[in-house]
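To keep things clear, I will list the structure first and then write my remarks on it.
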Number of protein chains: 2
Amino acid sequence: MPRESASLRHQVEDFLRKAIASGQFQAGQKLIERELCELTGVSRPSIREALRCLEAEGLIVIVPHRGPTVASIGVEEARQIYAVRALLEGYAAQEFARLATPEQIGQLEAAFSDLEKATRPRSRGSLADAKAAFYGVLLAGCRNDIVASVLAGLHTRVNVLRMTSMSRKDRLPTSMIEIREILTRIVARDPDGAREASIAHIEHAARVALDVLARREIDAALPPTTKTRRAPRRTPD
Amino acid sequence: MPRESASLRHQVEDFLRKAIASGQFQAGQKLIERELCELTGVSRPSIREALRCLEAEGLIVIVPHRGPTVASIGVEEARQIYAVRALLEGYAAQEFARLATPEQIGQLEAAFSDLEKATRPRSRGSLADAKAAFYGVLLAGCRNDIVASVLAGLHTRVNVLRMTSMSRKDRLPTSMIEIREILTRIVARDPDGAREASIAHIEHAARVALDVLARREIDAALPPTTKTRRAPRRTPD
DNA sequence: GATTGACAGAATGTCTGACAATTTCTCACG
DNA sequence: CGTGAGAAATTGTCAGACATTCTGTCAATC
């Protein structure tokens with residue numbers, strides 16, 4: 001008797017999370033409870049509970065008597081998120097370098113190896129997974145679950161952007177070099193170096209992402225004039 | 001026509017938050033939905049929504065089919081929270097020193113002045129408010145709402161401990177000196193100094209708090225032997 | 001013609017009552 | 001004294017209903 005039933009509410013959460021991440025529900029879109037009931041086949045109370053959880057995660061915004069809408073992210077908010085990410089991921093790398101076990105360092109090297117494989121032209125698609133795995137090892141080894149949970153929360157917020165448009169291709173090689181530097185510093189048991197490499201990586205990513213976001217906001221601000229269909233911009237990391 | 005109605009669910013949240021913070025609901029205690037209905041006079045759906053929100057805040061833990069319990073905090077988790085607080089509050093102080101307006105610096109000085117008044121023997125009771133006000137100014141001026149919201153979340157988690165036992169008296173003077181140092185560095189527009197002073201403050205507080213917590217856990221681990229009624233320990237900050 | 005006002009529709013906030021599924025407690029039994 | 005089966009308690013979920021509040025339309029007025 002396989003247990004696929006992980007609480008209807010939770011299933012609804014996952015469903016909505018994926019729908020938002022995949023762009024099926026666009027940013028700013030209104031979510032009507034009744035429609036979600038029909039869409040998922042569950043009743044309103046369960047839907048509402050799920051919506052509360054997603055609101056707490058920052059994935060949707062609920063204003064009283066106006067209902068939930070898919071959260072959108074502005075350039076200023078993104079800047080702030082990247083600033084916090086730099087702090088926390090830098091700390092994670094530093095602490096990993098300081099007190100990870102040799103076995104954990106081995107895991108990190110393996111994860112990086114997988115990541116490199118995933119970047120090769122053929123095997124695209126699992127790149128996001130490989131990156132997640134790498135960071136999973138890093139966060140597990142830094143001995144701070146709080147950092148991991150906060151970062152997870154921030155990640156879902158920026159992911160709202162990401163799925164709409166995947167990582168920029170031309171940034172990938174640079175990104176890999178930066179990550180390799182983090183790994184190198186960690187293997188050398190150099191906490192400060194690892195932190196700085198990690199921060200540098202995030203700051204680079206932030207620069208690209210914020211640039212893209214800023215353009216998008218400008219485009220959105222003046223829609224009637226220039227119909228110049230720009231090639232779809234991509235956000236990194 | 002005064003508007004006291006801020007969504008029943010929200011009122012329930014506040015009620016539970018206060019009940020937990022004030023120790024009316026002790027850590028680890030089971031919260032039964034039906035009882036909360038009778039206690040608050042609202043129906044189960046609303047109660048459940050409120051519980052989901054509190055769970056997301058980390059104030060309660062809900063395990064499937066076993067119901068919600070008031071979250072407790074261990075010494076290891078506390079250590080991690082303090083580590084993150086040091087990072088974020090240090091960043092906030094640094095950024096405040098870097099780019100707060102003169103007016104905001106004035107507000108911070110005023111808030112510190114209020115804080116000093118609140119520490120004087122007579123006017124206890126508003127000390128927590130004064131401290132909150134000081135940090136409110138700091139977080140408003142650092143230009144990063146994300147930092148503020150994450151810190152708010154962490155704060156509610158450690159507050160579960162705090163209300164059980166207030167700030168240690170003998171630590172208060174030291175604490176004020178540390179905070180004054182933060183202010184001094186900020187007024188001097190010294191970002192690095194402000195960050196370091198802020199981190200030092202948190203680390204001192206953490207040391208005391210973790211010490212207290214560790215004792216408490218040891219006491220709890222062997223209750224039958226020594227009935228030595230230790231003077232109630234207090235947690236700082 | 002544009003602005004304003006009222007009205008109808010829609011959507012949320014909330015309640016009641018109920019039932020299924022699961023956990024936990026109790027108590028008799030080996 | 002441990003163990004297992006049954007009963008009670010609790011959570012998970014549903015359906016339907018009603019009050020309150022927002023939204024958009026249409027008519028009346030300036």
Side-chain angles (χ1 to χ4, degrees), chain A residues 1-20 24-72 224, chain B residues 1-20 24-72 224:
Chain A
M1 186 187 295
R3 278 288 204 77
E4 293 288 7
S5 75
S7 141
L8 273 193
R9 190 201 79 254
H10 202 278
Q11 286 178 256
V12 172
E13 275 182 55
D14 282 345
F15 171 80
L16 292 179
R17 248 188 288 266
K18 276 174 194 153
I20 292 174
Q24 195 173 334
F25 291 150
Q26 289 185 357
Q29 179 177 343
K30 277 185 59 172
L31 300 177
I32 291 124
E33 294 180 1
R34 214 82 69 171
E35 288 180 6
L36 298 179
C37 290
E38 293 173 9
L39 210 59
T40 61
V42 303
S43 64
R44 267 185 73 206
S46 300
I47 293 280
R48 285 175 63 86
E49 282 185 37
L51 288 175
R52 294 290 161 210
C53 294
L54 294 213
E55 183 191 25
E57 282 181 43
L59 265 173
I60 64 176
V61 178
I62 301 181
V63 281
H65 290 289
R66 277 213 287 172
T69 59
V70 177
S72 62
Chain B
M1 187 188 295
R3 278 287 204 81
E4 293 288 6
S5 76
S7 143
L8 272 193
R9 190 202 78 255
H10 201 277
Q11 286 178 257
V12 172
E13 275 181 56
D14 282 345
F15 171 80
L16 292 179
R17 249 189 289 264
K18 276 174 194 153
I20 291 174
Q24 196 173 333
F25 291 151
Q26 289 184 356
Q29 181 177 339
K30 276 186 60 173
L31 300 178
I32 291 124
E33 294 179 1
R34 213 88 64 172
E35 288 180 6
L36 297 180
C37 291
E38 293 174 8
L39 211 59
T40 61
V42 303
S43 64
R44 267 185 71 205
S46 300
I47 293 281
R48 285 175 64 85
E49 280 185 39
L51 288 175
R52 294 291 161 208
C53 293
L54 294 214
E55 183 192 25
E57 282 180 43
L59 265 173
I60 64 177
V61 178
I62 301 180
V63 281
H65 290 288
R66 276 212 287 170
T69 59
V70 178
S72 62

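Owing to the predicted nature of the structure, the values given are computational and were not obtained by experimental measurement. Each chain gets a letter, A, B and so on, in the order its sequence line appears, and its residues count up from 1.
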Whole angstrom is fine here: how far is it from CZ in R9(A) over to P in dT13(D)?
-> 7 Å

Distance, rounded to the nearest Å, where R34(A) contributes CZ and dG13(C) contributes P = 12 Å

Nearest to the side chain of S43(A), which nucleotide is it out of dC14(D), dC15(C), dT12(C)?
-> dC14(D)

Listed nucleotide nearest any side-chain atom of S46(A), set dT12(C), dT11(D), dC14(D) | dC14(D)

E35(A) CD to dT12(C) C1', straight-line distance once rounded to whole Å | 14 Å

Nearest of dG12(D), dT12(C), dT14(C) to any side-chain atom of S7(B)?
-> dT14(C)

By side-chain contact (heavy atoms from CB on, under 4.5 Å) - contacts of S72(B) (at least two apart) | A27(B)

Round to a whole Å and report the spacing from CD of E55(A) to P of dT12(C).
-> 13 Å

Between CD1 on residue I47(A) and CG on residue L16(A), distance to nearest 0.5 Å | 6.5 Å

Taking only the side-chain nitrogens and oxygens of R66(B), find out if one of them lies under 4.0 Å from OP1 or OP2 of dT10(D).
-> no

Distance col, row T40(B):OG1 vs L8(B):CG, nearest 0.5 angstrom, shows 8.5 Å

Within this structure, what is the CD-to-P distance between E33(B) and dT16(C), rounded to whole angstrom?
-> 15 Å

Nearest-0.5 Å distance, CG of residue D14(A) to CG of residue L54(A) = 9.0 Å

Provide, to the nearest angstrom, the distance between the CD1 atom belonging to I62(A) and the P atom belonging to dC22(D).
-> 16 Å

Extract the stems that DNA chain C is part of, considering only consecutive pairing runs of at least three Watson-Crick or G-U wobble pairs, both distances under 3.5 Å.
-> C:1-30 with D:1-30

On DNA chain D, check which nucleotide each of K30(A) and P45(B) is closest to and give me the residue with the more 5' one.
-> P45(B)

Regarding the side chain of L8(A), the nearest nucleotide among dT11(D), dC14(D), dT14(C) is dC14(D)

With a non-hydrogen cut-off below 4.0 angstrom, is L31(B) in contact with a base, only sugar-phosphate, or nothing?
-> sugar-phosphate

Do the side chains of R9(A) and C53(A) get nearer than 4.5 Å, heavy atoms only?
-> yes

Shortest side-chain distance from H65(A), nucleotide among dT21(D), dT23(C), dC14(D) | dT21(D)

Between Q11(B) (CD) and dG13(C) (C1'), how many Å, whole number?
-> 12 Å

Under 4.0 Å between a side-chain N/O of R52(A) and OP1 or OP2 of dT12(C), yes or no?
-> no

Measure from CZ on R48(B) to C1' on dG17(C) and round the result to the nearest Å.
-> 15 Å

Can you find a donor-acceptor N/O pair under 3.5 angstrom joining the side chain of R44(A) to the base of dG13(C)?
-> yes

Working to the nearest 0.5 Å, report the span between CG of L39(B) and CD of E33(B).
-> 14.0 Å

Can you tell me how far the CG atom of L51(A) sits from the CZ atom of R52(B), to the nearest 0.5 Å?
-> 13.0 Å

To the nearest 0.5 Å, tell me how far K30(B) NZ sits from R66(B) CZ.
-> 8.0 Å

